[in-house]
Amino acid sequence: GNSVTQMEGPVTLSEEAFLTINCTYTATGYPSLFWYVQYPGEGLQLLLKATKADDKGSNKGFEATYRKETTSFHLEKGSVQVSDSAVYFCALSDGGNDKIIFGKGTRLHILP
Amino acid sequence: GAVVSQHPSRVICKSGTSVKIECRSLDFQATTMFWYRQFPKKSLMLMATSNEGSKATYEQGVEKDKFLINHASLTLSTLTVTSAHPEDSSFYICSARDPSGVNNSPLHFGNGTRLTVT
């Protein structure tokens with residue numbers, strides 16, 4: 001079945017460091033891919049998405065490119081801030097329904 | 001933007017009692033809502049799909065008699081954990097999609113409910 005695998009956390013970085021959180025997926029068909037973010041004490045929010053191969057999603061300085069050949073959707077940011085500290089979830093949805101399958105989440109700590 | 005409200009945010013109950021969690025779409029009508037459970041250091045697991053006016057669809061391994069779902073209206077779905085036990089302690093999150101949104105509009109999530117069964 002469909003699944004998402006993302007790197008284990010927690011990830012601790014200094015402010016202004018470069019961030020990569022790896023995500024790979026297994027799916028039949030052509031899923032849409034998402035990154036969701038959960039800030040402390042809040043619900044999940046959509047960070048960015050990509051709906052087809054080679055699409056790049058971007059938001060708030062974060063980027064991720066839908067790589068069909070490597071079945072990956074790695075999240076990157078060139079210069080992280082303390083306010084980026086949160087849990088990040090990679091996810092996919094089967095285009096045929098509303099179900100979203102999440103990875104385990106990666107907790108990110110940014111040190112000032 | 002679209003908002004999903006979930007209540008309560010935290011609840012502590014005694015073993016054997018039942019707990020109801022509400023999920024409301026505040027500015028859109030949601031014919032379908034989703035209930036997830038999040039274990040510590042693990043992913044969000046889809047428990048069931050709540051359908052307005054019909055029975056919920058449960059994922060494999062989820063006890064439908066234990067986790068009662070009622071989608072009473074186009075803006076309200078409830079999850080009742082019946083005869084709760086300590087192993088039911090978890091973080092429960094609901095979500096809904098605004099059907100009037102553009103294609104591939106995202107799911108909107110509630111802030112979750114932390115259930116602790118003592």
Side-chain angles (χ1 to χ4, degrees), chain A residues 1-11 21 23-26 29-52 55 57 59-60 64 66 86-109, chain B residues 1-10 21 23-26 30-52 56-62 71 77 91-99 101-114:
Chain A
N2 296 347
S3 66
V4 175
T5 303
Q6 63 183 102
M7 63 189 292
E8 295 275 339
V11 173
I21 300 178
C23 172
T24 57
Y25 67 91
T26 301
Y30 302 96
S32 294
L33 302 175
F34 307 87
W35 277 99
Y36 281 83
V37 58
Q38 186 177 28
Y39 296 104
E42 298 184 14
L44 274 74
Q45 303 172 26
L46 179 67
L47 180 61
L48 52 84
K49 67 179 181 182
T51 57
K52 62 182 186 296
D55 268 3
N59 186 25
K60 299 182 180 179
Y66 191 145
V87 181
Y88 292 81
F89 293 90
C90 186
L92 67 81
S93 73
D94 183 332
N97 58 57
D98 276 337
K99 293 182 181 180
I100 290 191
I101 296 171
F102 289 88
K104 290 185 177 181
T106 302
R107 185 173 297 278
L108 175 65
H109 293 293
Chain B
V3 176
V4 171
S5 174
Q6 190 172 337
H7 178 79
S9 58
R10 293 179 180 271
I21 303 169
C23 180
R24 295 180 186 273
S25 56
L26 296 185
T31 54
T32 303
M33 291 185 175
F34 303 91
W35 287 95
Y36 290 85
R37 181 174 179 177
Q38 185 178 20
F39 294 95
K41 299 184 179 180
K42 292 193 176 182
S43 179
L44 284 79
M45 303 299 297
L46 179 64
M47 299 175 64
T49 303
S50 172
N51 304 299
E52 190 271 336
T57 304
Y58 290 81
E59 296 299 303
Q60 189 173 11
V62 178
H71 200 134
S77 175
F91 194 62
Y92 294 87
I93 305 176
C94 71
S95 68
R97 189 187 306 279
D98 181 354
V102 298
N103 287 339
N104 296 314
S105 61
L107 284 180
H108 300 284
F109 285 83
N111 282 353
T113 298
R114 173 75 60 193

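Quick caveat, the model's predicted, so the values are computed rather than measured. All chains are named by letter (A, B, ...) in the order of the sequence lines, taking the proteins before the strands, and each is independently numbered beginning at 1.
Only the side chain of Q38(A) comes within less than 4.5 Å of a heavy atom of chain B; its backbone N, CA, C and O stay farther away. Heavy-atom distances place the side chain of T49(B), and not its backbone, under 4.5 Å from chain A. Of the two parts of Q38(B), only the side chain, counted from C-beta on, holds a non-hydrogen atom closer than 4.5 Å to a non-hydrogen atom of chain A.
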Does the side-chain contact (heavy atoms from CB on, under 4.5 Å) test come out yes or no for L44(B) and Y36(A), once each step is laid out?
CA-CA 12 Å; L44(B) 284 79; Y36(A) 281 83; over 6 Å; no
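In this structure, the side chains of F34(A) and L107(B) stay at 4.5 Å or more apart for every pair of heavy atoms.
Here the closest non-hydrogen pair linking L44(A) and F109(B) is O-CB, 3.6 Å.
The ring-ring contact (aromatic ring centres under 6.0 Å, His included) check on Y58(B) picks up nothing, with sequence neighbours excluded. Listed by chain and residue number, nothing satisfies the salt bridge (Lys or Arg N to Asp or Glu O under 4.0 Å) test with K60(A) (two or more places apart in sequence, or in another chain).
Counting heavy-atom pairs under 4.5 Å between each of G105(A), A91(A), G103(A), G9(A) and chain B puts G103(A) at the top.
Under a cut-off of 6.0 angstrom, the local environment of CE in M45(B) is sparse, with at most 12 non-hydrogen atoms contributed by other residues, nucleotides or ligands. Open room surrounds NE2 on H7(B); 12 or fewer heavy atoms of other groups in view lie less than 6.0 Å from it.
Between the CG atom in N111(B) and the OH atom in Y39(A) there is a gap of 13.5 Å [rounded to 0.5 Å].
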